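Being a predicted model, the structure only gives us computed values, none of them experimental.
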Amino acid sequence: MPMTKRAFFRPAFRNARNNRPRAHVRSRHQRIIVRNGAGHTMVAAAKRANPPMPEIRKETAVQPMTRDAITPKDSSEGGGPRRSHDRLITRDIALIMAGTFFYMTSSMMGTPIIAGFSQALGANGAIMGFIAGALSLSSLVCRPIAGNLSDRTSKRRLAILGASLFLIANLWYYFVPNTGWLLCARIFNGIGFACISVCMSTWLSMLLPISRMGAGMGLYGTMNALAQAVGPDLGIRASRAIGYRHTFLIAAGLAACIIVCVLLIKDGGVPVRERLGAHAGGGRHRLHLDSLFEPKVIPLALIFMLFAIPYFANQAFIVEYAAAKHAHVIVSLFFPCYALTLLVSRILLRNWFDTKSFLFFMITGTVCQVLMLGSLAAMANNWFIVFAGIATVGAYGMMSSITQAKAVVIAGKARSGMANTTYYAGIDLGMFLGPLIGGFLYGGLPIGWFYPALLVTMPLAWAVYIPFHRMHGARKDI
């Protein structure tokens, strides 16, 4: 029988089909199975013609989870085109940074004046201290709840809730008639602080590429640290010029700016578990340590707490210390020098948080902490105040960023909310214990021992770090 033209080309066609790359054949089979149930016979025929290959099951059709799978998209609730992974600062990240500066400045404005305000309302020394620390205590209690909500609900909703509580609390300060209502407003403010602080940092960590996490969280820490330097100075100056109550109206205006920034952010901050599907966050909720804090991050939070205690003790008692020593210095120079140096260092050294190990920052931070406390203990003239502000950048300023960045990396993005909760618990404890320990030192020791006594926090920090470093011995960045 003569070979037809069609039969002549059939072997060549079959050979060409069999010589296709294996990955192409596999993807073709996968498309046939997914799109058309009747195409199984075609796949079977192709398998007979091709070399044996593993059976494609339904489970293998699901691609393994990659970073792209959990990267947020630029939309109000996670839809739309994906953002660029190459840029460190995007529109949404800049708005989160601005909102962070506003909320921290609003909170820090009240830190140096709340004790004086409560005294003006008739509080004694013990009540003054308790009201001043009530924000940190209520924030610490609420952080586990805020951290769980941050991993389970939209960041936009949680941020607006926290900013609204900030706004209400600062307006409440303006109208309070006595110390009882002032204490209630302070607790209310602490709840809002817990919600928005965890939410904004978790939101930012979702938007950052994992390779730029250190630089991104370093910039975020810069906003926090700048606000912690600008806020107290602004609060003191405003209270002297317009009084306590009107100063809190300025803080309320900053809280309104937070809401504006949050509403302008395109990405709604959908939790990672929702992006991966319901199965990623399934399971019955039970009360364990990891549902309150991130256990892997607790050592980092303790280390940062020990660096924060001297900073907040100094913030609360630097004026009284200078007056007790009869030092002819301008103590307010400390905060702008710290803020300016911090800003310059973060611009010039922004990549250090991705390239330097945690051990490097521990050594640098310890040296700078000793220099800062030594300069403040001497306080012979204004140059000692300036040098102390600069040294604080290498201690509290740098450690605030590197501990938060390492916390998110160690815990993973799916647990970034609890990682930030644990990190901010360290801040809360530092904000509460710093003034408390400072008060005991100020009243119980000769004034010359106030700052040297705070040096005991450094050996304690290393006592926490050494076993933590051994635990993560395989990681070169720890």
Side-chain angles (χ1 to χ4, degrees), residues 67 70-80 82-85 87-104 106-107 139 142-143 145-166 192-210 212-224 227 255 257-276 281 294 297 400-401 404-405 407-409 411-424 427:
R67 193 182 178 283
I70 62 174
T71 300
K73 301 176 183 180
D74 292 330
S75 74
S76 62
E77 293 297 337
R82 292 186 183 273
R83 66 179 181 87
S84 171
H85 295 272
R87 297 178 58 191
L88 178 61
I89 301 297
T90 63
R91 180 181 181 273
D92 284 356
I93 289 177
L95 287 170
I96 290 176
M97 297 283 188
T100 297
F101 180 81
F102 288 137
Y103 94 73
M104 188 59 77
S106 176
S107 177
S139 177
C142 294
R143 281 207 187 277
I145 301 173
N148 275 290
L149 288 175
S150 183
D151 285 333
R152 296 173 184 272
T153 189
S154 166
K155 308 300 179 293
R156 188 193 308 281
R157 298 192 191 103
L158 193 59
I160 290 177
L161 173 62
S164 300
L165 293 177
F166 255 73
F193 185 80
C195 292
I196 196 167
S197 58
V198 171
C199 173
M200 297 295 270
S201 55
T202 306
W203 203 350
L204 178 68
S205 66
M206 290 176 60
L207 297 176
L208 287 170
I210 197 69
R212 306 301 304 278
M213 188 65 68
M217 298 309 291
L219 289 175
Y220 180 83
T222 302
M223 293 298 103
N224 271 310
C257 293
I258 305 169
I259 298 176
V260 173
C261 290
V262 170
L263 292 175
L264 290 175
I265 298 173
K266 291 182 178 180
D267 189 291
V270 175
V272 172
R273 297 175 182 180
E274 281 190 30
R275 298 181 193 276
L276 299 178
E294 175 52 57
V297 178
S400 67
S401 297
Q404 188 171 22
V408 174
V409 171
K413 288 208 167 188
R415 293 278 295 174
S416 59
M418 295 310 298
N420 282 299
T421 292
T422 310
Y423 164 80
Y424 276 105
I427 293 183

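Taking the side chain as every heavy atom from C-beta outward, Val262 and Ile259 never approach each other to under 4.5 Å. With contacts defined as side-chain heavy-atom distances shorter than 4.5 Å, the pair Phe193/Met104 qualifies. In this structure the side chain of Arg156 never reaches within 4.5 angstrom of the side chain of Asp267, judged on heavy atoms. You'll find the side chain of Trp203 stays beyond 4.5 Å of the side chain of Leu158, heavy atoms only. Annotation: side chain of Ile160 is in contact with side chain of Ser164 (closest heavy-atom distance under 4.5 Å). Side-chain contact check for Met206 versus Lys155: some heavy-atom pair is nearer than 4.5 Å. The shortest side-chain heavy-atom distance between Tyr423 and Ser400 falls under the 4.5 Å cut-off. In this structure the side chain of Cys257 never reaches within 4.5 angstrom of the side chain of Tyr103, judged on heavy atoms.
The two residues Cys261 and Gly99 make their nearest non-hydrogen contact at SG-N, 4.0 Å. Of all heavy-atom pairs spanning Met223 and Thr100, the tightest one is CB-CG2, 4.2 Å. Minimum heavy-atom separation, Ala163 to Ile258: CB-CG2, 3.7 Å. Smallest separation of non-hydrogen atoms from Phe166 and Gly192: CE1-C, 3.6 Å.
The structure places OG of Ser197 at 7.5 Å from CD1 of Ile427, a figure rounded to the nearest 0.5 Å. Atom CD1 of Ile196 sits about 9.0 Å away from atom OG of Ser106, to the nearest 0.5 Å. Separation of atoms CD1 (Ile93) and OG1 (Thr90) is listed at 3.5 Å; rounding is to 0.5 Å. Met200 CE to Phe101 CZ: the interatomic distance, rounded to the nearest 0.5 Å, is 13.0 Å.
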